[in-house]
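Computed from a prediction, not measured in an experiment: that's the story for all the values here. Order of the sequence lines sets the chain letters (A, B, ...), proteins ahead of strands, with each chain counted from 1.
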Number of protein chains: 2
Amino acid sequence: MDKNLKRMATMHRMQVKGLELFYQNGYYNTSVDDILKSLSLSKGAFYHHFQSKEDFFISIIQNLIVQKVYAVLIEPVEKCDNPFRAIESCFENALETAEHNNMDFGFILSNFMTEFNRRNPEISKYLKDIYKVWEVNLVSIFQKAKTDGYLERHVDSEAVATYLISSYIGIRTLMVEGNCKALRYQYMQQLKAYFKSIEQSNLVS
Amino acid sequence: MDKNLKRMATMHRMQVKGLELFYQNGYYNTSVDDILKSLSLSKGAFYHHFQSKEDFFISIIQNLIVQKVYAVLIEPVEKCDNPFRAIESCFENALETAEHNNMDFGFILSNFMTEFNRRNPEISKYLKDIYKVWEVNLVSIFQKAKTDGYLERHVDSEAVATYLISSYIGIRTLMVEGNCKALRYQYMQQLKAYFKSIEQSNLVS
DNA sequence: CTTTTTACCGACCAAGTGGTCGGTTGGGTG
DNA sequence: CACCCAACCGACCACTTGGTCGGTAAAAAG
């Protein structure tokens, strides 16, 4: 039984380091050897646990990236009452983390979506599914917000979700070039201005 | 003197095809041989005209990408009177072009910015400069809009520019995954809602 | 007509790439 | 104790990469 634990531990180490390097240097620009060297493991170990580099990356998506997106962007938004305040603080936190985390190279999902687009449809599919979950989650939150009297009824929930996701992907892309603090401040300021234009003004409080 | 013309023509052919393939497959995932093969040219020809793959790409940035961004995103906005309507129709056009162009792989600038980030600081610099020009241009347009009575005076011009650029980068990233038409519609709709929240309501017309 | 310069050719190179495979080792089980 | 099998090793393979270099043909210069 101890064997199985060791197996899981080794695979997890590889996945964590793999994500780190893929995120940092890109998938195609990171070799399996790079990952193995920084873990002092051998080719044999890698191909014993994973079928191929592609299979390895898919396991990273399923085991690490999905959880990251859930933890940072989906769960924090669900529990709050006023969805706009919830999204604001969620984005504020996420951007602040990105800003202070010196190992940050942009929004993990959009980086990989860009890299795999038209080059590896299978992986693209996995990534698109994660973004889809995020989108659906936002849409249902906005639907509920209409019921709760936070969002004007005539507003298109899906359009708001799309616009939100777009701006988030974009600001994260811009932040990798530095000047993060100013960008975050400017972004949050205008996000609030945007929300004001679609928020229900007469609250039934 | 004919020689110089031929030189320019060959270099230009290489640059155009190079941009096409780099855009499609990424810089690191496109080999010099790929480009040469599709042009029926040889290694010798390539390294006779360009010092290296990197030097080649920089020449593509300076000769092709800069002009593209100017033509699509900067010039169309400058000439119009009401800046909000100008930006709306500029973005609408740009997104429609992207949509109907089945060879669309996202916003060329943000794609490459993502790919070269932390991997090649020199090229990152060139790309960042282009985006900087776009930003400065937008900011000065918003400053003028305040004078002309289109934009509320208390609004932070730089923040608006940042928010605009973010959302554009993001929507272009999303559009590569398909469903472009709906995304474009949703985006433009919410962009207008956002503009409404910062536009001067009492026009001195 | 000779000489020089230019555009271009393509075999070649060292350094990687993803992936294979025969082997070693050490804990778990009979 | 013997045996098995999973975990791991690392030399090796075919192939691709960016880049070099000696050569050629033809246009321009003398």
Side-chain angles (χ1 to χ4, degrees), chain A residues 1-61 63 112 115-116 119-123, chain B residues 1-61 63 112 115-116 119-123:
Chain A
M1 211 80 280
D2 206 18
K3 277 284 178 69
N4 202 23
L5 271 179
K6 187 167 193 191
R7 175 187 173 82
M8 300 292 275
T10 305
M11 287 176 77
H12 193 254
R13 273 180 68 214
M14 286 180 181
Q15 289 166 337
V16 169
K17 178 59 76 175
L19 178 57
E20 184 188 323
L21 294 184
F22 287 146
Y23 188 35
Q24 192 174 132
N25 308 317
Y27 176 83
Y28 292 108
N29 204 31
T30 303
S31 69
V32 175
D33 277 336
D34 289 340
I35 299 163
L36 264 11
K37 204 178 296 169
S38 76
L39 290 172
S40 297
L41 285 170
S42 67
K43 273 274 175 68
F46 184 88
Y47 284 96
H48 176 68
H49 291 300
F50 303 99
Q51 285 177 30
S52 64
K53 190 186 178 187
E54 180 178 333
D55 171 71
F56 175 59
F57 189 76
I58 291 173
S59 84
I60 289 178
I61 294 177
N63 290 303
F112 287 132
E115 186 169 10
F116 289 110
R119 261 155 268 173
N120 190 319
E122 196 189 346
I123 291 184
Chain B
M1 210 82 276
D2 207 17
K3 278 283 178 71
N4 201 23
L5 271 179
K6 189 167 193 191
R7 175 185 174 81
M8 300 293 275
T10 305
M11 287 176 77
H12 193 253
R13 273 179 68 213
M14 287 179 180
Q15 289 166 336
V16 169
K17 179 59 76 176
L19 178 57
E20 184 188 322
L21 295 184
F22 287 146
Y23 182 42
Q24 190 174 136
N25 308 317
Y27 175 83
Y28 292 108
N29 205 31
T30 303
S31 69
V32 175
D33 276 336
D34 289 340
I35 299 163
L36 263 12
K37 205 179 293 167
S38 76
L39 290 173
S40 299
L41 285 172
S42 69
K43 275 273 175 71
F46 184 86
Y47 284 94
H48 175 69
H49 291 299
F50 303 100
Q51 285 178 29
S52 65
K53 191 187 180 188
E54 181 178 331
D55 172 70
F56 175 58
F57 189 76
I58 291 174
S59 84
I60 289 178
I61 295 178
N63 290 302
F112 287 131
E115 186 169 11
F116 288 110
R119 260 156 268 171
N120 190 319
E122 195 188 345
I123 291 184

*Asks:* Within the structure, does a side-chain N or O atom of A:T10 lie under 4.0 Å from either OP1 or OP2 of D:dA7?
*Replies:* no

*Asks:* Among the nucleotides C:dC9, D:dG19, C:dG19, which one has an atom lying closest to any side-chain atom of A:Y47?
*Replies:* C:dG19

*Asks:* Which atoms form the tightest heavy-atom contact between A:V32 and A:K53, and what is the distance?
*Replies:* CG2-CG, 3.9 Å

*Asks:* Using atom CD1 of A:I35 as one end and atom P of C:dG19 as the other, report the distance to the nearest whole Å.
*Replies:* 12 Å

*Asks:* To the nearest angstrom, how far is B:H12 atom NE2 from C:dA7 atom P?
*Replies:* 17 Å

*Asks:* Which whole-number value in Å describes the distance from A:E54 CD to C:dG19 C1'?
*Replies:*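 Roughly 14 Å, once rounded to whole Å.
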
*Asks:* What is the separation between atom CG on A:D33 and atom P on D:dT16, rounded to the nearest whole Å?
*Replies:*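 Atom CG in A:D33 sits about 18 Å away from atom P in D:dT16.
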
*Asks:* Between P on C:dA11 and CG on B:L36, what's the gap in Å once rounded to a whole number?
*Replies:* 14 Å

*Asks:* For D:dA7 and A:H48 - does any side-chain N or O of the residue sit under 4.0 Å from the phosphate oxygens OP1/OP2?
*Replies:* yes

*Asks:* Tell me which nucleotide among D:dC8, D:dG19, C:dC8 gets nearest to the side chain of B:K6.
*Replies:*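 My answer, after comparing the listed nucleotides, is C:dC8.
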
*Asks:* Keeping the roles fixed (side chain from A:E115, backbone from A:Y28), state whether a donor-acceptor pair exists under 3.5 Å.
*Replies:*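 Yes: the side chain of A:E115 pairs with the backbone of A:Y28.
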
*Asks:* Using a 4.5 Å cut-off on heavy atoms from C-beta on, say whether the side chain of B:M11 contacts that of B:M14.
*Replies:* no

*Asks:* Among the nucleotides C:dA7, D:dT17, C:dG18, which one has an atom lying closest to any side-chain atom of B:S31?
*Replies:* D:dT17

*Asks:* What is the distance, to the nearest angstrom, from the NE2 atom on A:H49 to the P atom on D:dA7?
*Replies:* 6 Å

*Asks:* Test your reading of the model: is there a side-chain donor-acceptor pair from B:N63 to the backbone of B:S59, 3.5 Å cut-off?
*Replies:* yes

*Asks:* Nearest whole Å is fine: how far is C:dC8 P from B:F46 CZ?
*Replies:*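 Taking CZ of B:F46 and P of C:dC8, I get 13 Å after rounding.
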
*Asks:* What is the separation between atom NZ on A:K43 and atom P on D:dC13, rounded to the nearest whole Å?
*Replies:* 14 Å

